[in-house]
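Here the structure comes first, spelled out in structure tokens, and everything after it is commentary.
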Amino acid sequence: MGWTSSYIHTMGDWGPASLYFENVRVPAKNILGELNKGFNLGMQWIGAGRWRIPAGAIGTAERALQMAIDYAKQRISMGKPIAEYQAIQWMIADSHVEIEATRWLVLHAAWLAENGKDTRHASSIAKLHGATMANHVIDRVLQIHGGMGYTKELPIERWYRLVRLYRIFEGTDEIQRYIISRNLLKGHVKLGEAL
Ligand SMILES: Cc1cc2nc3c(=O)[nH]c(=O)nc-3n(C[C@H](O)[C@H](O)[C@H](O)COP(=O)(O)OP(=O)(O)OC[C@H]3O[C@@H](n4cnc5c(N)ncnc54)[C@H](O)[C@@H]3O)c2cc1C
């Protein structure tokens with residue numbers, strides 16, 4: 001009788017743990033929510049995570065993009081700072097556009113939650129966009145840093161591995177797309193309707 005756990009190593013800094021419960025009795029006073037309603041409780045938590053994760057992705061992406069901006073101004077290639085090359089400028093611009101788009105999607109989902117409205121559709125949109133954005137931005141930031149970005153001298157390669165998880169946990173990209181398209185196909189959500 002009791003419980004054990006095992007840590008699973010991943011490509012990122014942390015990993016999920018498996019928990020095993022055998023003949024464990026939970027005193028009534030320790031039950032969270034209602035008996036046999038744990039799945040609903042868990043889904044409420046996961047639902048909120050779907051707009052909190054892209055909120056975190058904005059912070060990670062902004063920190064990384066600022067590093068790329070600073071590096072581009074001081075790295076000289078072929079006689080001038082790489083910030084003066086349009087190829088680099090476009091990576092910076094596209095990254096900022098995607099970050100700002102995520103910010104508004106997150107704020108909208110958070111506003112819905114704060115006002116007691118159904119956040120499921122808006123949260124899936126924010127999660128899908130935020131996860132995609134973070135992966136695009138970190139990839140560009142690494143590219144702007146060139147070979148240095150690939151080394152362990154800088155934290156970028158670690159962030160590159162970390163943000164890959166955003167596309168998987170709290171509902172994969174595919175599951176967010178499934179939810180969004182199902183809501184539209186079934187008419188739960190109408191195009192152009194304020195969600
Ligand atoms: C580092 C890390 C931390 C984690 N932390 C937690 C945690 O704290 N709590 C927790 O509960 N879980 C956690 N997880 C688990 C995570 O939520 C799951 O890995 C994730 O939901 C995907 O489930 P799965 O791995 O079983 O993939 P699967 O469900 O086996 O999916 C495999 C692939 O098939 C696709 N797929 C599956 N079903 C469909 C479908 N119906 N239509 C289309 N495509 C589909 C998926 O999108 C994916 O691409 C964590 C995982 C990792 C890696």
Side-chain angles (χ1 to χ4, degrees), residues 2-26 30-65 98-99 101-102 105-106 108-110 112-113 118-142 149-152 154-191 195:
W3 65 277
T4 53
S5 68
S6 67
Y7 179 80
I8 300 161
H9 293 277
T10 68
M11 65 188 273
D13 284 346
W14 81 89
S18 297
L19 295 172
Y20 305 93
F21 297 93
E22 277 182 80
N23 299 320
V24 172
R25 292 186 67 81
V26 179
N30 289 354
I31 291 172
L32 297 176
E34 280 178 64
L35 194 62
N36 299 324
K37 298 276 193 236
F39 183 73
N40 291 348
L41 204 60
M43 286 312 291
Q44 281 174 27
W45 187 79
I46 282 179
R50 286 184 180 164
W51 56 266
R52 287 188 192 133
I53 287 170
I58 292 169
T60 309
E62 280 185 337
R63 171 75 177 87
L65 183 57
E98 290 170 24
I99 291 170
T102 303
L105 292 172
V106 169
H108 179 59
L112 291 173
D118 189 341
T119 64
R120 286 174 292 184
H121 195 74
S123 296
S124 282
I125 292 176
K127 166 76 166 57
L128 178 63
H129 194 275
T132 309
M133 174 279 288
N135 279 272
H136 283 170
V137 171
I138 301 293
D139 186 67
R140 292 187 195 113
V141 166
L142 197 152
Y150 195 72
T151 70
K152 289 187 185 280
L154 297 174
I156 300 165
E157 64 80 30
R158 183 165 64 84
W159 295 336
Y160 187 86
R161 289 182 282 113
L162 177 85
V163 300
R164 189 60 183 82
L165 177 64
Y166 292 170
R167 295 185 51 205
I168 295 171
F169 76 166
E170 303 279 343
T172 60
D173 285 1
E174 291 73 29
I175 294 305
Q176 308 309 336
R177 287 193 170 94
Y178 166 72
I179 293 168
I180 295 163
S181 63
R182 185 190 55 187
N183 287 340
L184 291 168
L185 291 167
K186 288 189 180 268
H188 300 320
V189 171
K190 301 217 171 4
L191 293 176
L195 303 172

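Indexing begins at 1, ligand by ligand and atom by atom, following the structure's order. Every value quoted in this text rests on a predicted model; they were computed, and no experiment measured them. Only heavy atoms go into these numbers, but all of them, side chains included; no hydrogens, no water, no symmetry mates.
Proximity annotation for atom 53 (C) of ligand 1: of Asp13, Leu165, Thr10, Leu165 comes nearest, heavy atoms only.
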Working for side chain to side chain contact (heavy atoms under 4.5 Å, CB included), residues Met133 and Val137: CA-CA 6 Å; Met133 174 279 288; Val137 171; 3.8 Å; yes
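For atom 46 (C) of ligand 1, the protein comes within 4.0 Å by at least one heavy atom. Taking a distance limit of 4.0 Å, we find that atom 37 (C) of ligand 1 is approached by no protein heavy atom. There is no protein heavy atom less than 4.0 angstrom from atom 6 (C) of ligand 1. Using a 4.0 Å threshold on non-hydrogen atoms, atom 34 (O) of ligand 1 does not count as touching the protein.
No donor-acceptor pair closer than 3.5 Å links the side chain of Arg167 to the backbone N or O of Asp173.
When hydrogens are left out, the protein atom nearest atom 21 (O) of ligand 1 is Ile168 O, 3.9 Å; that is the closest non-hydrogen contact. When only non-hydrogen protein atoms are considered, atom 23 (O) of ligand 1 lies nearest to Thr172 CG2, 4.9 Å. The protein heavy atom nearest to atom 15 (C) of ligand 1 is Phe169 CB, 5.0 Å. Closest to atom 44 (N) of ligand 1, if we only count protein heavy atoms, is Glu174 CB, 3.6 Å. Looking from atom 39 (C) of ligand 1 to the surrounding protein, the closest heavy atom is Ile175 CD1, 3.9 Å. The nearest protein atom to atom 50 (C) of ligand 1, hydrogens excluded, is given as Pro16 CB, 4.0 Å; this is a heavy-atom distance.
When heavy-atom distances to ligand 1 are checked against a 4.0 Å cut-off, Asp173 has no atom that comes that close, whether in backbone or side chain.
Exactly one residue among Ile180, Ile179, Leu185 makes a side chain to side chain contact (heavy atoms under 4.5 Å, CB included) with Asn183. That residue is Ile179.
Within the structure, side chain to side chain donor-acceptor pair (under 3.5 Å) contacts touching residues 133-142 (residues at least two apart or in different chains) are Ser95-Arg140, Glu98-His136, Glu98-Arg140.
Taking all atoms of both residues into account, the shortest heavy-atom contact from Ala131 to Tyr166 is CB-O, 3.4 Å. Smallest separation of non-hydrogen atoms from Ile125 and Leu105: CG2-CD2, 3.8 Å. Here the closest heavy-atom approach between residue Ser124 and residue Gln176 is recorded as OG-OE1, 2.8 Å.
Remark: Arg182 pairs with no residue by the side chain to side chain donor-acceptor pair (under 3.5 Å) rule, at least two apart or across chains.
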